[in-house]
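Since the model is a prediction, treat every value here as computed from it, not as a measurement. Throughout, residue positions are numbered sequentially from 1 according to the sequence presented.
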Amino acid sequence: MDRNSSKPAETGNPQVYALEVTRGWLEQVGGRRRIPSALEALLEATQTAVARGEPPPEKDSLTLTELWRLSKDDFRQHAVTPLRGREVERWWAAREEHLRQVCADCECQWMPHLVVRIGGGRGLPSQFTIELRPFALPESEPGEDLVDTGPGVLRYRIDPIKPALWLRLLVGSRPFPINSWRGYVLLGSIVLNFIVIGAIVYELYVSWSHPRTITTAELATVALAAVVSYGLWVLTRPVRQLHTHRVTLAGASFIAFSELYGQLRTMREPGGKFAGRVFSVVRHWGTCPICAADVDVASGGAAFPDRLVGRCHDAPLEHVFSFDPVRLVGEPLRRH
């Protein structure tokens with residue numbers, strides 16, 4: 001499985017250590033795109049200030065945009081659209097749970113949080129700063145404490161994985177809102193598959209609507225058309241089911257050959273509306289509380305129909321757990 005990058009050497013200042021872990025995580029998940037590159041510059045300035053005993057600095061959208069432009073070695077004088085506060089805020093919020101998991105793995109005592117003050121009218125830029133808060137597990141609803149911390153309960157984690165080549169070429173490899181041009185392209189590819197299936201069925205109907213001699217070639221054509229139609233129907237199933245299931249098994253057609261497990265996920269952005277769901281290709285996994293082996297999400301099969309479950313690698317038939325994609329916890333489904 002894809003593990004996170006190696007744990008950085010812990011310094012004597014736990015706040016500096018948390019910022020260093022966050023910078024490594026940001027470089028891993030964001031690459032050199034504009035928003036993560038700008039946030040990395042903000043984290044670097046914050047780490048320098050905290051190491052000196054100074055408060056975290058505040059930088060505006062114009063400054064961060066310029067730092068991103070310079071990081072690309074682009075010294076030409078041309079207009080660059082400043083970062084938008086709401087866009088940066090949504091980008092961070094969609095990945096904050098993954099950052100929390102990374103900080104927990106690295107035993108951080110502090111958790112960096114992005115604070116955005118949206119700029120007002122008359123061209124006032126948005127202000128960004130990193131606030132350090134004591135690390136804590138996410139708060140649970142009343143009555144959930146026993147479920148989240150009880151014996152035998154599995155806690156799932158989310159790691160981004162590499163999508164299949166065709167999916168990367170079509171919509172890229174980063175999460176994106178469903179209500180965006182990438183989302184429309186993805187849904188359009190599903191509609192295109194339906195059109196191809198319809199064209200195949202129509203062509204067969206026209207060719208067989210007249211009396212003709214049935215030959216081996218004709219039967220082979222029908223068999224090939226059935227195989228192609230079924231293959232296209234199966235290919236679209238994970239995306240078709242996202243509307244009702246929110247998390248579906250990606251299968252080999254949606255993930256790279258280097259990945260063994262993966263799921264398609266449509267997650268609602270914090271504070272977002274119905275159209276604000278984000279599509280991503282991820283892997284939900286955990287550590288089995290019974291035998292300490294890896295647990296991956298799989299089909300429930302005949303024993304647990306119409307649901308996804310967590311199956312242990314060492315005992316996939318016995319160590320089976322429920323899968324809650326919102327709270328990211330699972331309870332044992334088979335008790336002895």
Side chain to side chain donor-acceptor pair (under 3.5 Å) partners of Arg182, counting only residues at least two apart: none

If every non-hydrogen atom of [X] is compared with every non-hydrogen atom of [Y], which pair is closest and at what distance?
| X | Y | answer |
| --- | --- | --- |
| Ile118 | Ser126 | CA-OG, 3.7 Å |
| Pro325 | Val247 | CB-CG2, 3.7 Å |
| Cys103 | Thr22 | SG-OG1, 4.4 Å |
| Arg307 | Phe304 | CG-O, 3.2 Å |
| Ala250 | Leu264 | CB-CD2, 4.0 Å |
| Cys291 | His319 | SG-ND1, 3.6 Å |

[X], [Y]: one ILVMFWY side-chain cluster at the under-4.5 Å cut-off?
| X | Y | result |
| --- | --- | --- |
| Leu83 | Val115 | no |
| Ile190 | Ile178 | yes |
| Val297 | Phe279 | no |
| Tyr261 | Ile158 | no |
| Leu165 | Val282 | no |

Salt bridge (charged side-chain N to carboxylate O under 4.0 Å, His left out) against Asp60, all qualifying residues, sequence neighbours excluded: none

[atom1]-[atom2] distance between [X] and [Y], expressed to the nearest 0.5 angstrom:
| X | Y | atom1 | atom2 | result |
| --- | --- | --- | --- | --- |
| Leu242 | Arg240 | CG | CZ | 10.5 Å |
| His245 | Gln263 | NE2 | CD | 14.0 Å |
| Thr46 | Leu39 | OG1 | CG | 10.0 Å |
| Arg283 | Lys162 | CZ | NZ | 15.5 Å |
| Asn13 | Arg52 | CG | CZ | 13.5 Å |
| Asp294 | Cys288 | CG | SG | 9.5 Å |

Indicate whether any N or O donor in one side chain lies under 3.5 Å from an N or O acceptor in the other, for Asp159 and Trp285. yes

Is any side-chain heavy atom of [X] less than 4.5 Å from a side-chain heavy atom of [Y]?
| X | Y | answer |
| --- | --- | --- |
| Pro36 | Trp91 | yes |
| Pro125 | Gln127 | yes |
| Leu42 | Leu114 | yes |

If you look only at pairs with a residue in residues 186-209, which of them pass as a side-chain hydrogen bond (donor to acceptor under 3.5 Å, both in side chains), with sequence neighbours excluded? none

Check the pair Val281, Phe254 against side-chain contact (heavy atoms from CB on, under 4.5 Å), reporting the backbone distance first and the verdict last. CA-CA 8 Å; Val281 184; Phe254 282 89; 5.7 Å; no

Go through it in stages, so that I can follow the logic: the residues are Val278 and Thr266, the test is side-chain contact (heavy atoms from CB on, under 4.5 Å), and I'd like the CA-CA distance, side-chain angles, deciding distance and then a yes or no. CA-CA 5 Å; Val278 174; Thr266 51; over 6 Å; no

Does His284 have any ring-ring contact (aromatic ring centres under 6.0 Å, His included) partners at least two apart in sequence or in another chain, and if so, which?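 In terms of ring-ring contact (aromatic ring centres under 6.0 Å, His included), with neighbours along the sequence ignored, His284 is linked to Phe323.
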
Phe321: which residues meet the ring-ring contact (aromatic ring centres under 6.0 Å, His included) condition with it, sequence neighbours left out? none

Mark yes or no for whether [X], through its side chain, and [Y], through its backbone, hold a donor-acceptor pair below 3.5 Å.
| X | Y | result |
| --- | --- | --- |
| Thr129 | Pro57 | yes |
| Ser322 | Glu331 | yes |
| Arg265 | Ser280 | no |
| Tyr17 | Cys106 | yes |
| Trp110 | Leu19 | no |

Going through the checks in order, is the salt bridge (Lys or Arg N to Asp or Glu O under 4.0 Å) test met by Glu89 and Arg86? CA-CA 5 Å; Glu89 194 173 33; Arg86 295 295 185 192; 3.4 Å; yes

Please determine whether side-chain contact (heavy atoms from CB on, under 4.5 Å) holds for the pair Val196 and Ile200, giving the CA-CA distance in whole Å, both sets of side-chain angles, and the decisive distance to 0.1 Å. CA-CA 6 Å; Val196 173; Ile200 292 175; 4.1 Å; yes

Determine which pairs satisfy ring-ring contact (aromatic ring centres under 6.0 Å, His included) with at least one residue from residues 212-238, sequence neighbours left out, and list them in order.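 Non-adjacent pairs meeting ring-ring contact (aromatic ring centres under 6.0 Å, His included): Phe194-Trp233.
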
Between Leu186 and Leu167, is a side-chain contact (heavy atoms from CB on, under 4.5 Å) present by the stated rule, with each step listed? CA-CA 9 Å; Leu186 179 64; Leu167 190 59; 4.0 Å; yes

Would you mind checking if Arg23 and Glu20 are paired as a salt bridge, meaning a charged N to carboxylate O distance below 4.0 Å? no

